[in-house]
2 protein chains.
Amino acid sequence: MAAVSRAFSPGAPIEAEKKKRILAAAEEIGYISPARRTANAIAAGTITLVSGDLLNPFYPSVVDALARRLQDSGRQLIVYALPAHADVDLATEQILSSRPSAIIVTSAQLTSRMARACRQHHIKVVLLNRVQRDIRINAVACDNYQGGRDAGRVLLERGHRGIGLIGGVANTSTHVERVRGFRDVLAEAGTSIQAQASGDFDYQRGYQAAESLISTANRPEAIFCCNDIMALALMDAARKRGIRVPDDLAVVGFDDISMASWDAYRLTTIRQPVERMVQEALTLIDDPAIKPGDDGITRMLAGTLVRRDSA
Amino acid sequence: MAAVSRAFSPGAPIEAEKKKRILAAAEEIGYISPARRTANAIAAGTITLVSGDLLNPFYPSVVDALARRLQDSGRQLIVYALPAHADVDLATEQILSSRPSAIIVTSAQLTSRMARACRQHHIKVVLLNRVQRDIRINAVACDNYQGGRDAGRVLLERGHRGIGLIGGVANTSTHVERVRGFRDVLAEAGTSIQAQASGDFDYQRGYQAAESLISTANRPEAIFCCNDIMALALMDAARKRGIRVPDDLAVVGFDDISMASWDAYRLTTIRQPVERMVQEALTLIDDPAIKPGDDGITRMLAGTLVRRDSA
DNA sequence: CAACCCCACTGAAAGTTTTTCACTAGATCA
DNA sequence: TGATCTAGTGAAAAACTTTCAGTGGGGTTG
């Protein structure tokens, strides 16, 4: 049928109504036009990474690890950079238009609309370094709760009282879980968070949050920062005021970005196993037993406490 | 002819020799199979970035800027991560197999073999932050020579004698030009580089190079580092030895990565105009007057001296 | 107001490309 | 050594796209 061919050729002259009916019928019987077939074949070797925050050094390390692994298996990595704090909806159309075999979302909020669209198109989705309870979706993350506990334990061990917290973006699992673990371990020791500020997971805001915490009369003796960038900002803010780390102020971060090991900081932090997280994400994607429509599987990997000099 | 169809279908059973003859004949008469036509159409909206050093924070800022711009024009960014110091040849096959409309190479050595292959396939290539004299190819770069001069001028202005240099990877234009500009401006002032070490453009090696320079009896009063990461390493090494910056040692870097502005460093550096470099690269790619086979056009953009506290 | 033209859309038919099928020749293995 | 397998083949069938010659509004002109 000529009309069918026309329905599948973008720009061909065909009545919108008829085209819609043809497309619907095609969907029904599972017909795929040859053009789409080749497009699918190409896209099969392609994985899209959607990242919201490439300027935080943690995420480039993810991009790097992912790109290398995909290259090893002859596949390609498409990178989408979202504006900070944006959810994925904005780019849904564009991301789906390339019909990748899978999408990895990191540092960004997935929406149920997008999740539905991906299921419909049989595209696997894996959240990396995020877990979302509102949507049933595959996810790989570091055990943020345990990491938060470890951070708390380090600070308690050293006998600190007056413990503060610099949080990240409130509605992210990375923030929520880390804080929950931290708070729980303090509670078990009969204490609690004395002062708290939000640093939005970035340096500038982290710096502001740090200042607000350490400029008060009874400033905390120890502060847990929900990621390393904010911890480094805190250390910078402390240095500026002549507050010595760790003597006057103990600092623990989370991620173990490369700067954390630099001499200027020597930050004690929880290392996320980036390589293994990427590997797990690809395992979820490559496992044929896991279907795009399946319920969410969450793979939790343990972080490692890295003791340096800041706590 | 069935054989023709098979010649164009990857994986179809056909003798290699026959396939080659068919493809050659097709090339001759300008025949393109429908499958390849759709493949080309898809690839037209795609640009491949080949990067050698995503772990240096300068390059993620390039990825970010590039991804955003491409998204705005409805295109996609494929990222290839090369092992450090590798040339592009390793990945040539894989990179070309996706037939992107253009390739942007940053922080990696292009080979003439790859350049030839791209020309053959009508794929535009732009070098970003690199210039190669051995190959006629389009390039966009910051004016590294002028940047080197600016760095030298800053150190001379402050009356420093005993000026040192920490270089990057020796055979890169970024290293060569920056050093040349730096050396020239010193020579014009009747002085020269007193001590020099190579830091390979990365933190660890930069740290080692820094130690070798500042642990000598008559250590330099001022050091120019060919990129920011090495400058930060130098500052860390200096701090460890109790050498105060800028009082005992002035430091100038190059790039203006985000950490350079952090309170721990406040590094004086030459800012590369990343956004404009990316924009220029895309202009070169999108300008239909510039053909893939053309001689290399080099667009040089001025860097900006950013004076902070380190010099 | 009717004749005319233009245009988007169409099915039939022609053209093109892919897939299937039946077969062959060489490689592999018990 | 014979059975079996595999990669490769042309012919034919099937699938798909493009061309072509309408067709029937909707507007425009005489």
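The sequence lines fix the lettering, A, B, ..., with proteins before strands; numbering per chain opens at 1. Just so it is clear, the values below take in all heavy atoms, side chains as well, and ignore hydrogens, waters and symmetry mates.
The side chain of B/Y31 contributes no N or O atom lying less than 4.0 Å from OP1 or OP2 of C/dT16. In terms of phosphate contacts, B/K18 brings a side-chain nitrogen or oxygen within less than 4.0 Å of OP1 or OP2 of D/dT9.
Nearest-nucleotide assignment on DNA chain D puts the 5′-proximal partner with B/A12, out of B/A12 and A/P34. Closest-nucleotide positions on DNA chain D for A/S5 and B/I14 were compared, and the one nearer the 5' end corresponds to B/I14.
In this structure, A/R21 atom CZ and C/dT10 atom C1' are separated by 13 Å, rounded to whole Å. Computed from coordinates, the B/K19 NZ to D/dA7 P distance equals 14 Å when rounded to whole Å. Atom CD1 in B/I22 sits about 8 Å away from atom P in D/dT9, given to the nearest Å. The interatomic distance linking B/K20 (NZ) with D/dG8 (P) rounds to 15 Å, in whole Å. The CD-P distance, from B/E15 to C/dG26, rounds to 12 Å in whole Å. In this structure, the CZ atom of B/F8 is 14 Å from the P atom of C/dT19, given to the nearest Å. Atom pair A/R36:CZ and D/dT17:C1' shows a separation of 16 Å (rounding to whole Å applied). Atom CD1 of B/I32 is separated from atom P of D/dT17 by 17 Å (rounded to the nearest Å).
Every residue two or more places apart in sequence or in another chain was checked for a salt bridge (charged side-chain N to carboxylate O under 4.0 Å, His left out) with B/D287, and none qualifies.
Sorted by first and then second residue, the ring pair (Phe, Tyr, Trp, His ring centres under 6.0 Å) pairs involving residues 19-46 of chain B (not counting sequence neighbours) are B/F8-B/Y31.
A donor-acceptor contact closer than 3.5 angstrom is absent between the side chains of B/D53 and B/S107.
Salt bridge status for B/D64 with B/R69: absent, with no side-chain N to carboxylate O gap under 4.0 Å.
With rounding to the nearest 0.5 Å, the separation of CG in A/N56 from CD1 in A/I257 is 6.0 Å.
Residue contacts for A/R37: at a heavy-atom cut-off of 4.0 Å it reaches the sugar-phosphate backbone alone, with no base atom in range.
Without hydrogens or angle criteria, B/K124 side chain to B/N138 main chain gives no donor-acceptor distance under 3.5 Å. Side-chain N or O atoms of A/K19 include none that pairs as donor or acceptor with a backbone N or O of A/R6 at under 3.5 Å.
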Measure all distances between protein nitrogen or oxygen atoms and nitrogen or oxygen atoms of nucleotides 20-24 of chain C, and list the pairs falling under 3.5 Å.
unit_1	atom_1	unit_2	atom_2	d
C/dT20	O4	B/R6	NH1	3.4

